[in-house]
Amino acid sequence: MINLYGLTLTKLETMMLEEKQSKFRAKQLFGWIYEKNVVDFDEMSDISKSFREVLKEKYCLEKPTIFTKQEAKDGTIKLLLEMKDGAKVETVLMKYNYGNVICVSSQVGCNMGCSFCASGLLKKQRNLETSEMVGEILVMNDLLRETNERVTHVVVMGTGEPFDNYDNVLDFIRIINDQKAFAIGARHITVSTCGIPDKIRQYGKEGLQVNLAISLHAPNNELRSKLMRINRAYPLEELIPAVKDYIDNAGRRVTYEYIMLKGVNDSLEHAKELCNLIKPTYAYINLIPYNDVLENGYHRADYDTVHAFMDYCLKHGVQTTVRKEFGTDIDAACGQLRAKQEGKL
Ligand code: SAH
């Protein structure tokens with residue numbers, strides 16, 4: 001069975017032609033499944049009965065189910081979703097003043113092995129299908145519909161490395177960006193990567209206006225390799241030129257994410273090194289307060305230290321922000337809920 005939620009409009013059009021249907025059938029189906037939220041083929045009244053039988057035989061409309069749901073005082077919703085094969089992934093909704101931001105997982109577990117991150121406690125089991133990532137949004141929208149709301153922004157910053165699941169993530173972006181599906185504007189979508197140079201270059205050539213964030217977390221190879229295993233394979237002298245190529249091709253600025261870890265990467269010396277490193281890429285910095293989750297010895301930097309670091313970067317001409325925090329009263333840290341569920345925390 002082919003899950004219709006996993007198909008871009010272009011792919012569905014091709015399939016409809018193969019089914020000896022008109023291309024328009026694909027648009028009709030998109031209208032039913034995304035605009036009208038219909039999950040039963042029999043309700044699709046403008047599609048002939050005989051073709052509805054074909055659809056029922058070969059296609060399905062399957063969404064993940066909610067395994068656990070946590071809701072924080074600030075409105076943050078964290079779901080542990082269960083896929084058809086029992087795999088579980090986390091999805092989080094954060095209510096910013098400018099919209100409802102969903103943080104989508106792209107893999108079941110993660111193999112990137114960042115030493116501070118709870119997601120990597122569980123090794124990658126498999127990639128998520130496009131339909132499963134779309135499913136993360138569908139389930140969240142089902143919850144938000146009760147209050148007449150919907151997901152307006154998407155960040156691919158949940159469990160997994162999106163560029164280690166490139167094709168499925170790209171199809172997912174095409175679907176959520178499609179006017180006939182979720183119509184989420186490209187500038188409201190952000191993909192975050194730990195830094196895989198060839199995929200960063202490829203992403204720059206897709207002709208998408210989607211935002212790119214790079215998890216940097218350290219301003220030199222020695223420290224970055226300690227924090228992020230990926231840096232041993234792709235050190236800064238390979239990462240930064242790839243980012244430059246991305247900017248040249250996509251014509252978009254990037255954001256560097258930088259988790260502030262107490263006594264590890266949070267000194268003004270680090271700030272200086274960071275500014276020098278990224279200045280040529282004319283990028284933003286987003287400083288992230290660390291969520292302490294593991295017995296790994298990492299702790300969040302003090303408030304004053306974070307702000308002194310930010311002031312240094314601002315004074316040296318680098319646009320810098322501190323990430324707003326949500327859901328502090330629930331297991332909001334990356335991978336925390338699932339790791340707990342599976343007995344790893
Ligand atoms: N693999 C991708 C996307 C998933 S991680 C990437 O590396 O970018 C999304 C972001 O959350 C990354 O910047 C990651 O370093 C950060 N993160 C992981 N664990 C965290 C924690 N405990 N507290 C704060 N941020 C964390």
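Whatever order the structure lists them in is the order used to number ligands and atoms, beginning at 1. Predicted model, so just to flag it, every value in this text is computed and none were measured. What's counted below: heavy atoms across the whole structure, side chains too, no hydrogens, waters or symmetry copies.
Taking the side chain to side chain donor-acceptor pair (under 3.5 Å) definition, one finds that T193 meets it with E161, sequence neighbours left out.
Proximity to C117 (heavy-atom distance under 4.0 Å) selects the following atoms of ligand 1: 18 (C), 19 (N). Close contacts of ligand 1 with S215, meaning ligand atoms under 4.0 Å from a residue heavy atom, involve 6 (C), 7 (O), 8 (O), 12 (C), 13 (O). Residue C194 approaches ligand 1 through these ligand atoms, each under 4.0 Å from one of its heavy atoms: 6 (C), 7 (O), 8 (O). In the vicinity of T193, heavy-atom distances shorter than 4.0 Å reach the ligand 1 atoms 6 (C), 7 (O), 8 (O).
Sorted by first and then second residue, the pairs that involve residues 72-98 and meet ring-ring contact (aromatic ring centres under 6.0 Å, His included), not counting sequence neighbours, are Y96-Y98, Y96-F326, Y98-H153.
When the options R187, R252, R253 are evaluated for a side-chain hydrogen bond (donor to acceptor under 3.5 Å, both in side chains) with N211, the one that passes is R252.
Distances shorter than 4.0 angstrom occur between a heavy atom of H217 and an atom of ligand 1. At least one heavy atom of G158 sits less than 4.0 Å from an atom of ligand 1. By the 4.0 Å heavy-atom criterion, G160 is counted among the residues contacting ligand 1.
With hydrogens and angles left out, the side-chain atoms of S115 and Y298 include a donor and acceptor closer than 3.5 Å. Residues N231 and S225 have side chains that bring a donor and an acceptor to within less than 3.5 angstrom of each other. Under the 3.5 Å distance criterion, with hydrogens and angles disregarded, no donor-acceptor pair is assigned to the side chains of S215 and Y256.
When the heavy atoms of G195, A213, S192 are ranked by distance to atom 8 (O) of ligand 1, first place goes to S192. Selection from I196, N291, D292 by nearest heavy atom to atom 22 (N) of ligand 1 gives N291.
At a heavy-atom cutoff of 4.0 Å, ligand 1 is contacted by both the backbone and the side chain of E161.
Salt-bridge annotation for E206 and R174: present, with a side-chain N of the basic residue lying under 4.0 Å from a carboxylate O of the acidic one.
In terms of polar-atom proximity, defined here as any N/O pair under 3.5 Å, Y290 makes no such contact with ligand 1.
Checked against the 6.0 Å centroid threshold, Y312 and F309 do not count as a close aromatic pair.
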